[in-house]
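By convention here, the first residue in the shown sequence is residue 1.
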Amino acid sequence: MTIVAYSLAVVLNLFILFIGARFLLQPYSAAAGYGVPATQDRAYLEIKGLRDATFGIVGLVLLAFAGPLAGAWFMLAVAIAPLGDTLIVLRHGGSKAVAFGIHFATAVVVLVSAGLLFAV
């Protein structure tokens with residue numbers, strides 16, 4: 001169980017770090033993938049990228065240096081972000097498939113990861 005818990009948490013943190021980097025380097029295509037295309041306001045897209053990259057780095061640091069309990073609480077707290085992303089996509093005309101299939105599903109997997117880490 002420990003290997004599964006850590007592996008899932010590491011993969012999720014690396015994934016959000018990748019998404020953050022994509023928003024920093026390719027903000028408009030990243031926004032389209034997010035579910036709400038943008039053609040301006042690059043600064044706000046880059047802010048999202050920095051936020052996501054920071055979440056990924058903090059999650060990895062907690063897992064490496066503070067252990068599974070700290071990682072579990074972190075994952076539980078950051079599940080708010082993809083839940084909020086679900087609502088943002090829905091409120092701004094994005095597709096329900098993206099809102100629920102990407103963002104809500106991500107929140108569920110992050111919560112599963114938190115549960116696995118709590119069980120370690």
Side-chain angles (χ1 to χ4, degrees):
M1 168 103 66
T2 302
I3 292 172
V4 172
Y6 269 97
S7 297
L8 181 58
V10 167
V11 166
L12 287 168
N13 282 295
L14 288 172
F15 187 62
I16 198 62
L17 181 57
F18 167 77
I19 290 171
R22 187 164 182 233
F23 267 92
L24 288 169
L25 300 172
Q26 300 172 327
Y28 300 118
S29 61
Y34 174 85
V36 183
T39 57
Q40 55 188 14
D41 297 328
R42 183 181 177 117
Y44 291 104
L45 298 174
E46 291 176 359
I47 289 167
K48 180 187 175 355
L50 184 59
R51 175 198 81 167
D52 288 349
T54 300
F55 281 169
I57 291 167
V58 170
L60 292 169
V61 167
L62 285 172
L63 288 169
F65 298 106
L69 185 59
W73 282 109
F74 174 77
M75 297 300 274
L76 186 64
V78 300
I80 294 168
L83 289 172
D85 291 344
T86 302
L87 296 175
I88 290 166
V89 170
L90 292 172
R91 285 184 57 204
H92 293 278
S95 77
K96 289 181 182 178
V98 169
F100 293 108
I102 295 174
H103 301 294
F104 189 79
T106 298
V108 170
V109 174
V110 170
L111 290 171
V112 167
S113 177
L116 290 172
L117 288 169
F118 276 123
V120 169

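Note: Phe23 CZ to Phe18 CZ = 11.0 Å, rounded to the nearest 0.5 Å. Taken to the nearest 0.5 Å, the CG atom of Leu69 stands 10.5 Å off from the CG atom of Leu62. Note that CG of Leu14 is 10.5 Å distant from CD1 of Ile57, once rounded to the nearest 0.5 Å. Between Asp85 atom CG and Lys48 atom NZ the span is 5.0 Å, to the nearest 0.5 Å. To the nearest 0.5 Å, the span separating OG on Ser29 from CG on Leu45 amounts to 10.0 Å. Between the CG atom in Leu117 and the CG atom in Leu8 there is a gap of 8.0 Å [rounded to 0.5 Å].
Scanning all heavy atoms of the two residues, the minimum distance from Ala79 to Ala107 falls at O-CB, 4.1 Å. Here the closest heavy-atom approach between residue Leu24 and residue Arg42 is recorded as O-NH2, 4.0 Å. When all heavy atoms of Val89 and Val98 are compared, the closest pair comes out as CG1-CG1, 4.5 Å. Residues Ala81 and Phe55 approach most closely at CB-CE1, 3.9 Å, considering heavy atoms. The two residues Met75 and Ala9 make their nearest non-hydrogen contact at CE-CA, 4.3 Å.
Side-chain atoms of Thr2 never come within 3.5 Å of backbone atoms of Val120 as a donor-acceptor pair (strictly under, hydrogens ignored). In this structure a side-chain-to-backbone donor-acceptor pair under 3.5 Å is missing from Ser113 to Val109. The closest donor-acceptor contact from the side chain of His92 to the backbone of Leu87 lies at 3.5 Å or more, if one exists at all.
Pro27 has its side chain out of reach of Arg22: every pair of non-hydrogen atoms, C-beta onward, lies at least 4.5 Å apart. Counting only heavy atoms from C-beta outward, the side chains of Pro68 and Tyr6 approach each other to under 4.5 Å. Asn13 is listed as a side-chain neighbour of Leu63, based on a closest heavy-atom distance under 4.5 Å. Annotation: side chain of Val10 is not in contact with side chain of Ser7 (no heavy-atom distance under 4.5 Å). By the 4.5 Å heavy-atom criterion applied to side chains, Leu12 and Val110 are counted as neighbours. Side-chain contact between Leu90 and Phe100 is present, with heavy atoms from C-beta onward closer than 4.5 Å.
Two different hydrophobic clusters hold Val11 and Leu17 under the rule that ILVMFWY side chains link at heavy-atom gaps under 4.5 Å. In the hydrophobic clustering of ILVMFWY residues, with side-chain heavy atoms under 4.5 Å counting as a link, Val78 and Leu111 come out apart. By the criterion of side-chain heavy atoms lying less than 4.5 angstrom apart, applied directly or through intervening Ile, Leu, Val, Met, Phe, Trp or Tyr residues, Leu76 is not grouped with Ile16; the two fall into different hydrophobic clusters. Note on Ile80 and Ile88: separate hydrophobic clusters, where clusters join Ile, Leu, Val, Met, Phe, Trp and Tyr whose side-chain heavy atoms are under 4.5 Å apart, directly or indirectly. Hydrophobic clustering of Ile, Leu, Val, Met, Phe, Trp and Tyr side chains at less than 4.5 Å, counting indirect connections, keeps Trp73 apart from Val58.
Atom OH of Tyr34 sits in a crowded spot, with more than 12 heavy atoms from other residues, nucleotides or ligands closer than 6.0 Å.
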